[in-house]
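Presented below is the structure to which this report refers.
Naming convention: chains lettered A, B, ... in sequence-line order (proteins, then strands); numbering from 1 in each chain. All figures in this text were calculated on a predicted structure; none of them were measured in a lab.
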2 protein chains.
Amino acid sequence: MNMEMDKKDAENAPLDAEQFAAICKALGHPARVRIIKHLKAMDRCICGQIVEILPLAQSTVSQHLKQLKAAGLIRGEIEGMKTCYCLDHDALERFKRMAAMI
Amino acid sequence: MNMEMDKKDAENAPLDAEQFAAICKALGHPARVRIIKHLKAMDRCICGQIVEILPLAQSTVSQHLKQLKAAGLIRGEIEGMKTCYCLDHDALERFKRMAAMI
DNA sequence: CATGTTCATCGTAAAACGACGATATACGAT
DNA sequence: ATCGTATATCGTCGTTTTACGATGAACATG
């Protein structure tokens, strides 16, 4: 009966500062914002393409991707030798809702 | 003729990653999100009240306020011995618009 | 099997952050 | 003038972030 309370509460909660701050922190770097923008434009793309559009070393980009993934904003699935990243649209929507109530 | 181009462009730009990331970074700490929330509830309040609602030293809170001010999200005006802080609603609106187009 | 490609992780160095106590500044009150 | 109050800034310390090159793991190809 109250198994779903967490989810329900989360939807109309005033705003969880910890949660919102965590996502903002993940978006708090230009490179990561550009990654999100690019994924939005491409819908999904492989890691190599993201490395190409950023003036950063491959290892650095990989770290940024890791942070975005840890924040739940993107997902990455290994496809053979490559890794394909895409947005987590639900997470982005949650972020937008939270941002709107700031 | 193009003296105002900066401003115009900023209004309908797809999204300036640097700008958006800077604001997100400022919001990337729970204490600062709580400060914003509190200012939204109170509309304006003196620094001392903010210090009271956070489990942090006064100097730490002062630093967080400084970051929020540097990001343009809040303004602070000295009123005699106290300092009164309030939200910069325009900046918040710009942030919300940017967040919505992420 | 050997080699090349794609990506993640490790190790590291510099910079930035977060927190605190101590101090400085500015003002009001006595 | 002195004292107390409110706030900002300084100095410091430990942690985290950002960046890089080097290395490793997984897979494809010759």
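Distance, A/E77 CD to C/dC7 P: 13 Å, rounded to whole Å. One can place CZ of A/R32 at 15 Å from P of D/dT16, the figure rounded to the nearest angstrom. Distance A/Q67 CD to D/dA19 C1': 12 Å, rounded to the nearest Å. Note: CG (B/L68) to C1' (C/dG18) measures 14 Å, nearest angstrom. Atom CG of B/L65 is separated from atom C1' of D/dT7 by 10 Å (rounded to the nearest Å). Between B/K82 atom NZ and C/dA29 atom C1' the separation is 13 Å, expressed in whole Å. If you measure from atom CD1 of B/I50 to atom C1' of D/dA8, you get 14 Å, rounded to the nearest angstrom. Put simply, CG on B/L54 is 13 Å from C1' on C/dA19, counting in whole angstrom units.
Contacts of A/Q63 with the nucleic acid, taken as non-hydrogen atoms under 4.0 Å apart, include base atoms. Among the protein residues, A/K69 comes within range of no part of the nucleic acid, since none of its heavy atoms lies under 4.0 Å from any strand. The residue A/I78 sits apart from the nucleic acid: no heavy atom pair falls under 4.0 Å.
When all heavy atoms of B/A91 and B/G72 are compared, the closest pair comes out as CB-O, 3.2 Å.
You'll find the side chain of A/D43 reaches within 4.5 Å of the side chain of A/H89, heavy atoms only. Between A/K40 and A/L92, every side-chain heavy-atom pair lies at or beyond the 4.5 Å cut-off. Contact annotation: the side chain of B/L73 approaches that of B/L27 to within less than 4.5 Å [non-hydrogen atoms, C-beta and beyond]. Annotation: side chain of B/Q49 is not in contact with side chain of B/I53 (no heavy-atom distance under 4.5 Å).
Between A/G28 and B/S59, the residue anchored nearer the 5' end of DNA chain D, judged by the nucleotide with its closest heavy atom, is B/S59. Where A/G80 and A/A57 each meet DNA chain D at their nearest nucleotide, the meeting point lying more 5' is that of A/A57. Of the two residues near DNA chain C, B/L56 and B/M81, the one whose nearest nucleotide lies more 5' is B/L56.
Of the candidates C/dC7, C/dT9, D/dA8, the closest approach to any side-chain atom of A/K66 belongs to C/dT9. When distances run from any side-chain atom of A/C47 to the nucleotides C/dC7, C/dC10, D/dT7, the shortest one goes to C/dC7. Here the side chain of B/H29 is nearest to one of C/dA19, D/dT7, D/dA8, namely C/dA19.
Side-chain nitrogen and oxygen atoms of A/H64 include at least one within less than 4.0 Å of the OP1 or OP2 phosphate oxygen of D/dA19. For D/dA8, the OP1/OP2 oxygens have a side-chain nitrogen or oxygen of B/Y85 closer than 4.0 Å. A sub-4.0 Å separation between OP1 or OP2 of D/dT17 and a side-chain N or O of A/K25 is present. For B/T60 and C/dG18, the shortest distance from a side-chain N or O to OP1 or OP2 is not below 4.0 Å.
Classified by interplanar angle (parallel below 30°, tilted 30° to 60°, perpendicular above 60°), the ring pair A/F20/B/F95 is perpendicular.
The base of D/dA8 lies close enough to the side chain of B/Q58 for a donor and an acceptor atom to sit less than 3.5 Å apart.
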